[in-house]
Amino acid sequence: MFLGGLLAVADGSWPLWATISIAVLAVLVIAGVLVRLLGATVRSLSLRNESERVKSEVALARAEARFRTVFEGAPLGIVVVDVDGTLRETNAAFDVMLGYERRELVGKTMKDLSDESDRERTLEAFGALVRGEVSSYEHEMRYKRKNGSTLWADVSVTYVPEDDEPFAIAVIDDVSDRIVIRDRLIHEATHDALTSLPNRGLFSAQLGDALRSRLPGLAVAFVDLDHFKVVNDSLGHLAGDALLRAVAQRLRSIMRPGEMVARLGGDEFGVIFLDEDIEARVEWLHATVAEPANIEGRRLYTTASVGVAVAHARYERAEDLLRDADIALYRSKADGRATYTIFNEVMHESAVRRLQISSDVRDAINEPDQFRVAFQPLVRLTDWKTVGYEALVRWQHPREGMIQPDLFIPAAEETGVIVRLGREVLIRSLERLAQEQRDDPTLTMHVNVSVQEIMHGDLPEHVFAAIKATGVRPETVTLEITENAIIDTSTGAGAVLERLRAGGVKICVDDFGIGYSSLRYLSLFPINSLKIDRSFVSGTGSGIASEPICRMLLDLARSLDLTVVAEGIETTEQAERLCGLGATTGQGYIFSRPIIPERGGPLILPPNLLAGRPMQISA
Ligand code: C2E
Ligand code: CA
Ligand code: CA
């Protein structure tokens with residue numbers, strides 16, 4: 001429909017050429033009639049008067065000359081064709097259009113001149129005309145020029161049934177320019193300007209076709225670049241664009257006939273595969289994207305998370321296939337990125353389970369006892385001393401047991417339940433903080449806040465009320481907010497954060513590096529610290545997953561006077577490297593997992609944290 005609409009727009013010029021052709025045809029017909037009328041008149045008069053006969057002959061010659069002039073000088077190509085399709089006469093415009101001398105054209109057939117792909121259609125239409133089934137026809141077709149190039153033309157052909165020698169007149173309008181514009185419009189509407197890859201619309205259409213035709217080996221993959229925004233942030237948008245183009249080029253290079261790679265938006269690409277050995281292809285794709293790229297004289301390493309769904313009889317709609325590829329992509333990201341996942345039924349079940357949990361969470365909020373708050377220590381990286389905690393909510397589901405927040409927080413956010421849940425977590429964690437501060441008054445508490453809580457507007461009042469009720473100092477309370485929540489202008493986050501800051505509460509940007517903002521932009525907001533997302537830190541054995549990125553983030557943070565917390569630290573090596581790079585605070589399984597305290601009891605910390613940094617790595 002979309003394409004149809006465009007074609008209609010591009011075709012907007014047709015009435016003009018049609019008018020011209022009709023006008024020229026009319027001129028021709030009138031000229032022909034005139035010639036014949038004159039001929040008849042001349043014949044009848046000839047008997048009467050010899051001198052009149054001579055006069056008439058002169059008139060006839062003039063009329064014929066006029067007809068010639070119209071025929072020759074017409075701006076459209078005009079051809080007189082025999083019923084067997086042989087060209088009998090052509091005019092100058094037609095000769096020029098096709099680049100032939102006239103003598104070369106006369107005697108050729110319509111078939112010789114038309115482009116191969118339009119030949120059959122042309123012969124069919126001409127046949128119907130000659131057999132008297134129609135008196136005329138019009139169509140768009142391609143001719144082959146003498147130099148081999150293609151001429152696009154609107155052609156209208158009319159049959160002239162003269163008794164002794166019937167013939168046809170074809171009027172040819174060169175519309176190559178219009179076709180070029182139309183093709184460009186179609187291309188622009190269906191392709192991405194930056195990479196020239198097909199866009200989402202074309203991708204979906206192609207996938208739908210492939211699914212309906214039950215093409216063997218059909219599979220769809222979502223390819224999402226890991227940490228793309230960091231490239232944008234650190235090297236600028238031009239480098240980001242160059243990287244996207246380089247990735248697009250590589251993906252294109254591994255496509256086979258009938259397959260397609262499209263840019264679906266941002267740093268996300270979609271691939272349609274037609275290959276029975278999908279695993280090998282996806283591995284190849286994954287490796288291809290991971291090859292270093294030379295961008296503005298630097299070697300850039302990028303990885304992708306990939307989710308794949310293989311089509312089979314159960315899939316009837318493209319959306320279902322896309323949904324499952326998305327579930328698989330989600331799994332790849334949850335598994336620490338830089339990996340690929342092929343969708344399977346188990347994932348489907350867990351997606352269904354997520355759905356069930358989403359609906360359960362709405363009821364659970366009325367039973368606040370089902371929720372627990374776990375506390376994970378934040379340590380000073382130089383000596384591993386505990387300096388505070390992050391409050392992390394858990395849900396003791398009556399049937400499913402303990403559920404991690406990744407499973408139910410998104411649902412709680414969607415349904416708005418998060419606002420009540422957030423208040424519950426806030427008050428309980430500040431109560432806990434007050435209790436812990438009896439031993440160490442400098443301890444701090446980090447509490448996660450969702451975008452919905454910020455939008456609700458009265459977040460500052462609730463925070464101040466909880467601070468007052470528990471007696472903790474506001475400077476020891478930090479709210480963790482994701483960067484996307486902050487920069488989304490619809491949340492009005494700026495004003496809310498100002499009020500919180502004015503009351504002494506601190507703000508930390510959570511999951512930093514995976515959103516779509518830039519650090520420079522964030523510097524406009526009242527922020528105290530950044531938490532580098534754990535995907536930059538962990539996930540690759542002992543080293544730091546993305547050391548250059550961590551270094552860059554730390555440099556930027558330092559220049560903006562922000563402290564940096566590194567989360568997801570799982571090895572002592574990571575802890576040391578991050579400390580060396582300038583991160584002040586760390587959080588992760590190497591120090592302690594989140595701890596759920598007994599009701600009223602103290603937080604029981606692992607021995608290494610009570611003693612500070614373990615002796616064996618103090619060197
Ligand atoms: P987050 O704020 O990024 O929290 C850090 C997550 O990383 C926690 O997962 C924590 O258990 C986990 N983690 C800590 N150290 C390590 C490590 O060394 N390795 C690995 N692989 N993981 C580590 P958790 O508790 O499942 O929380 C998940 C997310 O749920 C949180 O991510 C946060 O976005 C959200 N969340 C948790 N509690 C709350 C809450 O009270 N309110 C809101 N709005 N969101 C919450
Ligand atoms: Ca957090
Ligand atoms: Ca985080």
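Counting begins at 1 with the first residue of the sequence. Counting starts at 1 for both ligands and their atoms, following the listed order.
Looking only at atom types and distance, the side chain of Q376 has no donor-acceptor partner in the side chain of S592 under 3.5 Å away. Between the side chains of E390 and N448, at least one donor N or O sits under 3.5 Å from an acceptor N or O.
N294 places a side-chain heavy atom less than 4.5 Å from the side chain of R299.
Annotation: side-chain hydrogen bond (donor to acceptor under 3.5 Å, both in side chains) contacts of R593 (sequence neighbours excluded): none.
For the Ca ion (ligand 2), the set of protein N/O/S atoms nearer than 3.0 Å consists of E390 OE2, N448 OD1, E480 OE1, D510 OD2, ordered by chain and number.
For H446 and Y389, the ring centers are positioned 6.0 Å apart or more.
Applying the ring-ring contact (aromatic ring centres under 6.0 Å, His included) test to residues at least two apart or on different chains, the pairs with a partner in residues 580-601 are W384-F591.
Residues of the protein with a heavy atom under 4.0 Å from ligand 1 are Q376, E390, L392, V393, R394, Q404, P405, D406, I409, I418, V425, N448, S450, E453, D510, D511, R534, E567, G568, I569, E570, G588, Y589, P594, listed by chain and number.
The shortest heavy-atom contact between T476 and L443 is CB-O, 3.5 Å.
Within a 6.0 Å radius of NE2 in H397, more than 12 heavy atoms belonging to other residues, nucleotides or ligands are found.
For E475 and K506, the salt-bridge test fails: no basic side-chain N is under 4.0 Å from an acidic carboxylate O.
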